[in-house]
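If you read the sequence from its start, that first residue is 1, and numbering goes on from there. Read the numbers this way: they start at 1 and go in the same order the structure lists the ligands and their atoms.
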Amino acid sequence: MTPRAVVLIYHRVSDRPLAPEEGDYVLPPSLFEAQMRGLAAGRRPVVPLESLAEGRYDDGAVALTFDDGCESDATVAGPLLVSLGLPAAFFVNPALVGTEGRASWDELRQLAAQGFAIGSHGLDHTLLDGLAPAELERQVAGSKREIEERLGRPVDALSLPGGTGGERARRVACTAGYRLVLGSRPGAFRGKATDAVLPRFALRRGHGLEGFRSAVERRPFFVLRQQARYALTLAARCLLGTRGYARLRARRLDRDAGRT
Ligand SMILES: [Zn+2]
């Protein structure tokens, strides 16, 4: 049977979000550490993205990715992963590197020197759906060039900002020389990871340790619930447009914050 793997997405690891819209995608360091220690102690292989690109991994493999280039990549996640010997990829927006709450180029150079992959998350986190061809090219190919120039090493993977852009962005990415394109649709995958936008599970604070285990083990109920939530998000974005959806999400986060 063809082996299956899952890719996890993390964002900021901190006790509180930098901005309200980061919402429940921010994981407390204690929860993140418990998840990583569980992974390091378990029997599942934790593999670098390049193993997925080559289709060289055992069934049940897990890959770790971090979106948005947060400062905690360098100050929290990186040091813990080094101490546990776990590989990971960090996806950054070159136009935002070194701004408040984001890792600097020096920190990214250090992560790269420690063996972590640094990928592109678009130039400045502009959502890619519906962009004019020249702008899509600038976001996808331009960001790759800038990171390569700054770090002096090749960039092989693109994580689609907000999971947007789909097949059109993937084609532009392939022409630009990326080997892997990662999205946000929840799910596991089989075989070689280079032929389609790769699904991933985004870990949120509310998932706790149990949700993390469910993602890693691909428990059917968890997978279905994540896919239903993702479908609702896409439908809301489609109905309300990107700005309207951002307003709705901000209202929901306000309401949740008022409750706690
Ligand atoms: Zn992002």
Side-chain angles (χ1 to χ4, degrees), residues 7-14 16-27 32 49 63-74 76-78 88-104 107-108 111 116-131 135-136 138-144 146-147 155-166 168-170 172-173 178 180-187 197-207 215 226 229-230 233-234 236-237 241-243 245-250 252-253:
V7 184
L8 305 180
I9 319 178
Y10 289 94
H11 295 83
R12 187 178 304 284
V13 180
S14 172
R16 64 183 66 83
L18 183 74
E21 62 269 22
E22 292 185 349
D24 57 354
Y25 285 105
V26 179
L27 257 70
F32 175 71
L49 285 183
L64 301 171
T65 64
F66 294 77
D67 278 7
D68 296 353
C70 299
E71 199 171 32
S72 56
D73 292 357
V76 184
F90 296 95
F91 290 94
V92 308
N93 306 106
L96 302 177
V97 168
T99 60
E100 193 192 0
R102 313 270 179 158
S104 67
E107 288 172 322
L108 295 176
L111 286 170
F116 295 109
I118 309 293
S120 168
H121 195 37
L123 207 53
D124 53 10
H125 214 281
T126 294
L127 302 185
L128 304 181
D129 285 335
L131 289 187
E135 179 58 12
L136 183 58
R138 199 173 77 91
Q139 290 289 337
V140 171
S143 61
K144 180 180 195 298
E146 181 165 356
I147 301 169
V155 167
D156 291 332
L158 170 72
S159 154
L160 299 172
T164 57
R168 181 171 171 244
R170 195 184 76 86
V172 172
Y178 288 101
L180 281 177
V181 179
L182 299 90
S184 308
R185 187 176 60 77
V197 176
L198 214 58
R200 293 186 290 173
F201 288 109
L203 270 304
R204 296 193 306 275
R205 188 172 49 219
H207 284 138
Q226 299 308 307
R229 185 189 158 106
Y230 185 71
T233 303
L234 284 188
R237 233 190 229 164
T242 303
R243 284 218 190 107
Y245 174 70
R247 277 198 300 272
L248 176 79
R249 188 167 134 74
R252 202 175 59 205
L253 289 170

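- Relative ring orientation between Phe66 and Phe32 is described as perpendicular, the plane-to-plane angle rising above 60° on a 0-90° scale split at 30° and 60°.
- At a cut-off of 2.8 Å, His11 is not counted among the residues with an N, O or S atom near the Zn ion (ligand 1).
- At least one N, O or S atom of Asp68, from either the backbone or the side chain, sits less than 2.8 Å from the Zn ion (ligand 1).
- Between Arg200 and Ser159, the side chains place a donor N or O and an acceptor N or O closer than 3.5 Å (distance only, hydrogens not considered).
- One finds the CG atom of Leu158 at 9.0 Å from the NE2 atom of His121 (value rounded to the nearest 0.5 Å).
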Is there a side chain to side chain contact (heavy atoms under 4.5 Å, CB included) between Arg237 and Thr164? Walk through the geometry before answering. CA-CA 11 Å; Arg237 233 190 229 164; Thr164 57; 3.4 Å; yes
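- Vertex the Zn ion (ligand 1), arms ending at NE2 of His125 and NE2 of His121: the angle is 90° after rounding to 10 degrees.
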